[in-house]
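Worth saying up front: this structure is predicted, and the values here are computed from it rather than measured. Just so it is clear, the values below take in all heavy atoms, side chains as well, and ignore hydrogens, waters and symmetry mates.
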Amino acid sequence: MQVVTLSLSQLFAPMLGVFAAMYLLAPTFAVARLWARVAIFIVVWLVVARYLEWRVFTTVLPASGTWYQVGWIWFCLFVELLTFTDQFILYLTFLRRTDRRSEADQHERRLRGLPDHELPSVDVFIPTYDESFEVLEKTITGALCLDYPNFQVWVLDDGRRPWLKELCEHKGAGYLTRSDNLNAKAGNINHALTMTHGEFFAIFDADFVPQRNFLMRTMGFFADPKIGIVQIPHAFYNEDPMQANLGLHRGLPDEQRFFFDSIMPARDGWDGAFCCGSNSVTRRAALRAIGDSLPTQSITEDILLTLVLLRKGYVTRYLCEPLAIGLAPESLGAFFVQRQRWARGAIQTLYLAAGPLGPGLSVMHRLLFFPTHWLSLGLRALMVVLVPIVFMWTGLAPVVDVTPESVFYYLFPAIVALNGGISWFAPHAHFPLAAQVSATIQSFKILPTVLGTLVKPKGHAFRVTPKGAAARRATYAAEIFWPSAALMALTVVGLVLNTIPEWRVIDHPAALPMVAFWSVVNIVVLFFVCMTSLQARMRRSEERFDVDESVLIHGEAGELLSGRMSNISLSGAGVLLDPGIDCPRSGEPLRVHIMQVGWIDAMVVQQRGQFVGMQFKLPQSLERDLLIRKLFTVARLRENCAIAWSVNRTMLKSIWSMAAPLPQIETSGAKPAAPSPAERLPAESLVIRPQRRIADLAHLAGARSLHPTSFTRTRP
């Protein structure tokens, strides 16, 4: 039957039927039920198979013409098949799923009921190279606040900085250096393993602050002897580049939520979760089975460690619970350093006997660890943009014998099925428009990295992701902005030219509406890419958290003020004073009493009505440690309840109100000054053992959990 002979109702029937099945019927099924997951899987891939049959036999095999015309058609099909392969593996992964929070509850109750001496010992490693004081201070203090009786904190300093040594001695953390920086982070941890003796070791990157109950929630899983690693998601308290540069922090979850909230629980169902470096705990006995050290053949030693242990019968268990919070990449430059390292490390595993192609793995584990995503991501996103441009400017078509009717009849149902299925499996984590923008941004850097690593897998240096002030120095990503702007201009001009009969390049007028729709979508995506490449102005050096608690203030003259704090950071707070209180003037010094912290010196920097913005004067002190404990060691993350439709609407709505952000950084808030980064300790092994000098923070926070009940008229 020729599609052109179908009536309008017949033409739209497949797409409407798939839409009803995916978006109306499927949401009534519980994703936890196996039969529902299998049913969605079957429906989606039957629709995709229908499309692929048409795609191959109707739009590719009949192709004829010059070698480059036929070659272009086959290359487009290859990219599409690579994308479908990646999607098929993802759907296979989604057939299983775990939620281990109730299991963690049981383990925590059991551990808290044991005597302290019966709990296994844990070494907490914080590997660092060049991270700043503002980053490391939070992580070290937070690690020392863990409510687990048998652990030691070790800072592994490959930067050999005297100021960090002094900071560790002051706080009571252990401090380790080595004589060289061989094998980067993996080598740093391997050296620490020779200097420590805990039964387990936890790893936190320099910017990740563990929550107080991290070890109590994770250590219980090791009661199962086959568990070699327990991994926790990466959660962030700041905005990633897309959220910040598009002004969508409250409307768009961070870019990694889809992986950590949906993909990793599904991989865990197949015993295919993997170590992500930070926020993990490893059984040292399992490590002894592979040589008592982390593998160093890949720059992503974490995923390779999982593969090596898997072959020895040890599984990586995943608990989807935000038990550590850290910094998302604070600029596109930092984002690309991180993603290029991940992509390069994943490709390197293809050349290793311990990788997914080596012996000793099941078929499903080979599929799960094969880097299909990195191979397809950049190529697919770039082709989506380039194909209509090539067609409009050269007339080189990606397909043959395609009509608008056949697109509605075959292509659109497949698109609706694939996106609808993923939205059902991951209802609050998959956002098609945002995902397309992110993939397009990454294609400019990830694709060259993947291709380069395929040709030359070895000899690539380990680059540390810039964090803190080092990451925020960036202005805008010129290598992303200008190519994106050029592609957008080529799309717009090509579209305009092909609407003028005298200049039209496309020989098939019926194809113009399809190309126009495709081009408009690409223009929107490229616009967001351009905006994301501009570094947003950062007004604060410290992230502020929303709170709602009472606060007491002593004014300059000794008067007592009261109100409610609405937000707070290490550098300041916003307070809404009670009605009838005379607000302090801008520049007036204050003393603020914060629950669980105590009295802090501050100064008024902003005043609007009853709202007062204040800046803290908070050098290194017990109060500063208590404030870090209060802000960063208990989860203060907002629950993600966003849905794809609302995110897409918010992104599109933002186009009309978006202004180009200025590449400027403004910081505020007093904080301790870090010594010159040029200072270095001798290149030798240095061991300073932990002293646990701030172990009484929990007791002090409890004693200061309430405001004072009596005051004097003089300032305290």
query = For Pro233, does its backbone N or O pair with a side-chain atom of Asn279 as donor and acceptor, under 3.5 Å?
reply = yes
query = Roughly how far, to the nearest 0.5 Å, is the CG atom of Leu164 from the CD atom of Glu137?
reply = 11.5 Å
task = For residues Gln211 and Leu146, determine if any side-chain heavy atom of one lies less than 4.5 Å from a side-chain heavy atom of the other.
result = no
request  = Check for a donor-acceptor pair, side chain of Arg110 on one end and backbone N or O of Leu114 on the other, with a separation under 3.5 Å.
outcome  = no
request  = Could you please spell out the steps behind the salt bridge (Lys or Arg N to Asp or Glu O under 4.0 Å) verdict for Lys630 and Glu549?
outcome  = CA-CA 13 Å; Lys630 176 184 177 72; Glu549 63 181 48; 3.1 Å; yes
inquiry  = Side chains of Arg161 and Arg680, heavy atoms from C-beta outward: is any pair under 4.5 Å?
reply    = yes
query = Is it true that Asp625 and Arg629 have a side-chain N and a carboxylate O under 4.0 angstrom from each other?
reply = no
ask   = Between OG1 of Thr196 and CH2 of Trp154, what distance do you get to the nearest 0.5 Å?
value = 7.0 Å
ask   = Do Val612 and Gln606 have side chains that get closer than 4.5 Å, going by heavy atoms?
value = no
message = Are the side chains of Thr300 and Leu304 in contact, using a 4.5 Å heavy-atom criterion?
response = no
ask   = Under 4.0 Å between a Lys/Arg side-chain N and an Asp/Glu carboxylate O for Asp147 and Arg112?
value = yes
inquiry  = Tell me whether Asp224 is salt-bridged to Arg317, with the criterion being a basic N under 4.0 Å from an acidic carboxylate O.
reply    = no
ask   = Should the pair His234 and Phe208 be assigned to parallel (<30°), tilted (30 to 60°) or perpendicular (>60°) ring geometry?
value = tilted
ask   = Do Phe236 and Gln256 come within less than 4.5 Å of each other through their side chains, counting heavy atoms only?
value = yes
request  = Anything under 30° is parallel, anything over 60° is perpendicular, the rest tilted; go ahead and classify His554 against Trp599.
outcome  = tilted
query = If you measure from the Lys or Arg side-chain nitrogens to the Asp or Glu carboxylate oxygens, is any gap between Arg160 and Asp157 under 4.0 Å?
reply = no
message = Is the ring pair Phe214/Phe204 parallel, tilted or perpendicular, if the boundaries are 30 and 60 degrees?
response = perpendicular
message = What I want to find out is whether Glu108 reaches Arg217 closely enough, with some N-O distance under 4.0 Å, to be called a salt bridge.
response = yes
note = Closest heavy-atom pair, Ala206 versus Ile126, reported as atoms and distance to 0.1 Å, is CA-CG2, 4.1 Å
inquiry  = With rounding to the nearest 0.5 angstrom, report the OH to CG distance, Tyr314 to Leu287.
reply    = 10.0 Å
ask   = Atom CD in Glu239, atom CG in Asp254: separation rounded to 0.5 Å?
value = 11.0 Å
inquiry  = Parallel, tilted or perpendicular, judged at 30° and 60°: which one describes the rings of His593 and His707?
reply    = perpendicular
ask   = Are there more than 12 heavy atoms of other residues, nucleotides or ligands under 6.0 Å from atom CZ of Arg564?
value = yes
task = Ignoring hydrogens and angles, tell me if any N or O in the side chain of Ser298 forms a donor-acceptor pair with the backbone of Gly345 under 3.5 Å.
result = yes
inquiry  = Strictly below 4.0 Å, N to O, side chains only: are Arg97 and Asp99 in salt-bridge contact?
reply    = no
key: Check ion pair Glu169-Arg689 (N to O, under 4.0 angstrom)   = no
task = Could you tell me which residues satisfy side-chain contact (heavy atoms from CB on, under 4.5 Å) with Pro120, sequence neighbours excluded, listed by chain and number?
result = Tyr148, Glu199, Phe200, Met219
message = Heavy-atom count check: over 12 atoms from other residues, nucleotides or ligands less than 6.0 Å from Phe259 CZ?
response = yes
key: Asp158 side chain to Asn181 backbone, donor-acceptor under 3.5 Å   = no
Distance-only donor-acceptor hits, side chain of residues 184-191, under 3.5 Å, sequence neighbours excluded:
residue: Lys185; atom: NZ; partner: Asp205; partner atom: OD1; Å: 2.7
residue: Asn188; atom: ND2; partner: Leu156; partner atom: O; Å: 3.0
residue: Asn190; atom: OD1; partner: Leu294; partner atom: N; Å: 2.6
residue: Asn190; atom: ND2; partner: Ala186; partner atom: O; Å: 3.3
residue: Asn190; atom: ND2; partner: Leu294; partner atom: O; Å: 3.2
residue: His191; atom: NE2; partner: Ser685; partner atom: OG; Å: 3.3

query = Which is it for Glu301 and Thr296 under the side chain to side chain contact (heavy atoms under 4.5 Å, CB included) test, yes or no, and what are the steps along the way?
reply = CA-CA 6 Å; Glu301 76 291 333; Thr296 57; over 6 Å; no
ask   = Where the side chain of Thr306 meets the backbone of Cys275, is there a donor-acceptor pair that is under 3.5 Å apart?
value = yes
query = Hey, are the side chains of Glu623 and Arg704 touching, using non-hydrogen atoms and a 4.5 Å cut-off?
reply = yes
query = For the atom pair CG (Leu111) and CZ (Phe222), what is the distance rounded to the nearest 0.5 Å?
reply = 11.0 Å
Distance, nearest 0.5 Å, that separates CG of Asn213 from OG1 of Thr633 = 9.0 Å
